[in-house]
Amino acid sequence: MKQTVPFEMLPQLYADAAELRRRAEEQLHRRTQQDQASLSGLETEKLLHELQVCQIELELQNEELRNAQFVVETVAARYTDLYDFSPMGLVSMTSEGTIQQINLSGAHLLGKQRAKLMGARFDIFVTQFDRPVFNDFLQQVFASEAKQTCEVILAHKLKSAIKAEKDQPPCTLQIEATHSADGQECRMVLMDVTERKQSEEQLKLAASVFTHAREGIIITDTMGTIIQINDTFTSITGYSREEAIGNNRLIFQSGYQIPVLSFTIRKSLLQKKHWYGELWSLRKNGNIFVGLFAISAVCDASDRVQNYVILFTDITVMKEHQQQLEHIAHYDTLTNLPNRVLLADRLHHAMIQSERRKQLLAVAYLDLDGFKTINDIHGHEVGDKLLVILSQRMKEALRDGDTLARIGGDEFVAILVDIERNTDYEPILARLLQATADPIIVRDVTLQVSASIGVTLYPQDRTDADRLIRHADQAMYVAKLTGKNRYHLFDVNQDTAIKTQRESLDAIRSAIDHCEFVLYFQPKVNMKSGEVIGAEALIRWQHPERGLVLPGDFLPIIDDHPISVELGIWVIDSALKQMTIWRTAGLDLPVSVNVTAHQLAQQDFVTKLSALLAKYPEAKPCRLELEILETSALEDISEVSAIMHACLEMGVSFALDDFGTGFSSLTYLKRLPADLLKIDQSFVRDMLDDLDDRAIVTGVIGLANAFHRQVIAEGVETIDHGSQLLTMGCVLAQGYGIARPMPAAEMPTWIANWCPDKAWKE
């Protein structure tokens with residue numbers, strides 16, 4: 001007698017892959033060759049067992065359900081009713097919703113064995129939210145002869161009838177039902193449409209993203225014809241869907257730049273399948289906007305381009321903001337003239353142009369005469385308005401292509417290009433002098449100033465941009481000394497200047513030999529605590545005829561000259577000697593000494609400094625500080641840095657003097673081991689009146705804090721200067737508002753009597 005075949009295990013074969021079909025067919029073919037008609041129930045059960053072994057050995061793939069179905073139907077057709085092996089769930093149900101009959105596929109969907117489902121209510125397998133929907137659906141089935149359909153979500157999803165898969169998504173069930181002829185029961189067809197519903201949801205999500213994306217989206221065919229746009233495209237460009245679709249070019253091109261599908265972009269799309277960049281574009285109303293575009297090619301499985309997708313964003317506001325920031329960085333906030341940064345850039349390009357065109361270039365340094373008096377009498381607001389009017393006048397006096405920049409409170413630099421002859425700049429300077437000398441009415445007050453101008457010509461004055469400005473500045477001082485309201489030409493080839501320099505060098509040599517140089521000391525203090533933290537040694541020339549000569553009158557003459565090295569060693573020697581005298585008298589006061597880059601770069605500098613420290617053992621090396629002018633040209637910064645480190649090992653410290661006045665401040669700050677930054681007095685002196693100078697002082701203090709350096713301010717001339725610095729976070733200072741440089745003998749008494757101003761303490 002034939003045995004019953006356990007077909008409950010067959011539905012899981014719906015998920016088997018193509019390999020399962022192949023192996024099953026081989027098994028059936030072999031049995032058919034023997035005697036297919038004489039197969040017993042035992043042989044059938046063995047065959048099914050072998051199929052189950054195949055299932056365990058293989059990794060099942062859901063997309064090959066049809067192949068597995070073929071196997072099931074082939075086997076089932078020989079041994080039992082095809083009803084049980086339909087790929088769709090088949091259910092017979094009473095009008096009350098009780099299951100009377102269900103096939104294997106239906107049992108598999110509900111996750112129960114068929115025997116346990118008989119007599120159960122079907123709605124218990126539906127989520128509680130869909131149960132009312134199902135019950136209404138059941139009533140409609142028995143109330144109508146037409147086929148009824150609905151969709152519900154099962155309470156759980158089982159991959160097989162044995163093991164529950166916790167990470168499976170909810171199963172969406174589509175039901176088609178008709179009632180029987182006697183109206184006592186209905187027959188339902190159950191289909192798992194979960195994947196289809198997921199696909200629909202994904203399509204809805206993609207459509208929603210496309211519609212609501214904040215970027216404009218364009219889809220074109222391979223020829224560039226627009227086939228789809230989103231709403232953001234319309235809001236940015238103003239073109240409707242009807243106006244855009246069907247165009248074979250981007251209808252919002254401005255014409256200012258290459259078309260989007262031009263050769264350059266086509267080349268990128270061909271090689272990389274994408275392009276990214278900015279384009280000037282045109283709205284429907286004619287306004288220009290800047291767009292950030294990303295174009296990508298959409299390819300099929302054979303890597304053939306099917307479409308192009310273009311995403312773009314309107315960045316017009318961002319570009320305008322960027323331009324505003326660039327303007328602030330390069331232009332003076334008061335006069336809207338170029339500042340130091342833009343001046344340096346334009347002068348560099350003008351020098352290159354002068355070389356290329358074989359023409360002269362004039363650099364004019366202009367300083368207003370009498371402006372400080374107007375500021376003191378009428379106030380800074382009137383002074384600012386005067387500067388604005390004068391700036392406009394001087395700018396109008398120049399030609400197209402010339403540049404006028406403001407680099408200080410009342411200091412300007414003009415770059416005059418395309419000078420054919422040595423005298424061509426003279427009419428321009430005459431117009432500048434006239435523009436500054438004409439009276440100006442501000443608030444019903446007639447104001448009048450004049451200008452002193454220094455000018456140098458390039459390439460006659462063959463040097464770098466920084467020195468061109470310095471030479472023009474020096475010539476300006478000559479113009480001011482010779483009567484003001486005039487200009488003076490800096491002539492590097494003038495014999496008299498060479499003769500004067502030679503005579504000055506001889507005089508300085510004689511002064512060294514006759515011990516005419518002396519040291520004065522200017523105290524450095526902590527304005528908040530009242531502590532005297534040290535003193536700066538300042539050289540003076542006790543000239544037998546001219547009296548006490550300040551260093552500005554003789555140090556520039558020996559700049560980069562061997563005499564400067566000799567004089568620098570004398571200053572260090574004298575400072576150490578005075579420190580020893582003070583220490584013997586009970587005053588242990590740190591002293592700082594100015595050292596030029598030329599002196600520091602000498603190969604024997606460290607040896608000489610070591611010998612001097614050994615000469616004065618009472619003067620501790622840690623109490624000696626060497627100040628390097630930040631504006632000095634350090635030709636080999638690596639070598640100088642090594643020398644500084646050698647000095648640091650002996651205990652000597654370093655400070656960067658005049659910090660902020662050169663073009664390499666950050667480089668020096670990063671690479672030179674200086675513990676102290678000295679804010680140049682020109683910035684401190686004018687910071688109460690000049691917002692740019694105040695910003696520079698704030699910046700230097702910020703840099704010092706960022707790089708963990710101490711900071712001290714020079715040029716503190718008034719109590720207000722000190723109060724302002726304290727609010728900005730700078731407590732160390734020196735200047736005439738604290739004490740003028742004094743002979744060494746006066747220092748102990750001054751230290752004993754000095755007390756910081758009450759406003760500083762508060």
Side-chain angles (χ1 to χ4, degrees), residues 320-350 362-372 374-375 378-417 428 431-432 435-436 440 442 447 449-455 465-466 468-470 472-473 476 631 659-663 665 679-700 702 715 724 728:
E320 291 174 350
H321 183 60
Q322 179 182 346
Q323 292 175 355
Q324 293 173 356
L325 292 177
E326 290 177 354
H327 188 274
I328 293 173
H330 293 93
Y331 288 86
D332 176 58
T333 55
L334 177 63
T335 63
N336 206 33
L337 293 176
N339 59 14
R340 289 177 182 267
V341 176
L342 186 55
L343 171 68
D345 181 68
R346 290 192 178 179
L347 181 53
H348 174 71
H349 287 290
V363 178
Y365 197 107
L366 185 147
D367 183 83
L368 298 179
D369 306 319
F371 176 76
K372 188 176 186 303
I374 292 176
N375 245 354
H378 300 285
H380 299 296
E381 186 175 352
V382 172
D384 288 346
K385 291 185 176 180
L386 175 63
L387 285 176
V388 172
I389 297 174
L390 285 175
S391 299
Q392 186 61 33
R393 281 188 179 181
M394 290 188 290
K395 187 176 180 181
E396 293 173 355
L398 301 180
R399 305 159 302 161
D400 292 339
D402 295 338
T403 296
L404 179 66
R406 182 185 180 216
I407 62 171
D410 59 347
E411 295 175 332
F412 301 83
V413 172
I415 303 173
L416 312 179
V417 298
I428 306 173
R431 292 198 299 269
L432 284 174
T436 56
I440 297 175
V442 178
L447 306 174
V449 295
S450 62
S452 297
I453 304 176
V455 61
D466 190 20
L468 282 176
I469 297 176
R470 291 188 193 180
D473 186 17
M476 181 272 295
T631 52
F659 190 82
T661 58
F663 293 101
S665 300
I679 307 174
D680 185 63
Q681 60 182 337
S682 63
F683 302 133
V684 177
R685 184 178 59 246
D686 297 329
M687 71 176 184
L688 298 179
D689 307 322
D690 192 306
L691 294 178
D692 289 340
D693 285 341
R694 186 182 304 174
I696 292 174
V697 173
T698 303
V700 173
Q724 181 66 46
M728 298 165 74

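Quick caveat, the model's predicted, so the values are computed rather than measured. We use all heavy atoms of the structure for the numbers below, so side chains are in, but hydrogens, waters and symmetry mates are not.
- Annotation for Ile428 and Ala397: closest pair CG2-O, 4.4 Å, computed over non-hydrogen atoms.
- Inspection of the Ser452 and Asp367 side chains reveals no N or O donor paired with an N or O acceptor under 3.5 Å.
- Between the side chains of Asp345 and His330, no donor-acceptor pair of N or O atoms lies under 3.5 Å.
- When all heavy atoms of Ala451 and Asp369 are compared, the closest pair comes out as C-OD2, 3.3 Å.
- For residues 388-404, the pairs satisfying salt bridge (charged side-chain N to carboxylate O under 4.0 Å, His left out) are Arg399-Asp402, with sequence neighbours left out.
- Applying the ring pair (Phe, Tyr, Trp, His ring centres under 6.0 Å) test to His348 and every residue at least two apart in sequence or in another chain returns nothing.
- By the ring pair (Phe, Tyr, Trp, His ring centres under 6.0 Å) test, Phe371 pairs with no residue at all, sequence neighbours left out.
- Contact detail for Arg346 and Tyr331: the closest heavy-atom pair is NH2-OH, 3.4 Å.
- With sequence neighbours left out, His321 forms a side chain to side chain donor-acceptor pair (under 3.5 Å) with no residue at all.
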Would you give me the side-chain donor-acceptor pairs under 3.5 Å for residues 381-390, sequence neighbours excluded?
unit_1	atom_1	unit_2	atom_2	d
Glu381	OE1	Arg443	NH2	3.3
Glu381	OE2	Arg443	NH2	2.5

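- Residue pairs satisfying the salt bridge (charged side-chain N to carboxylate O under 4.0 Å, His left out) criterion with at least one member in residues 683-700, sequence neighbours excluded, are listed as follows: Arg406-Asp690.
- Side-chain atoms of Asn339 come within 3.5 Å of backbone N or O of Leu342 as a donor-acceptor pair.
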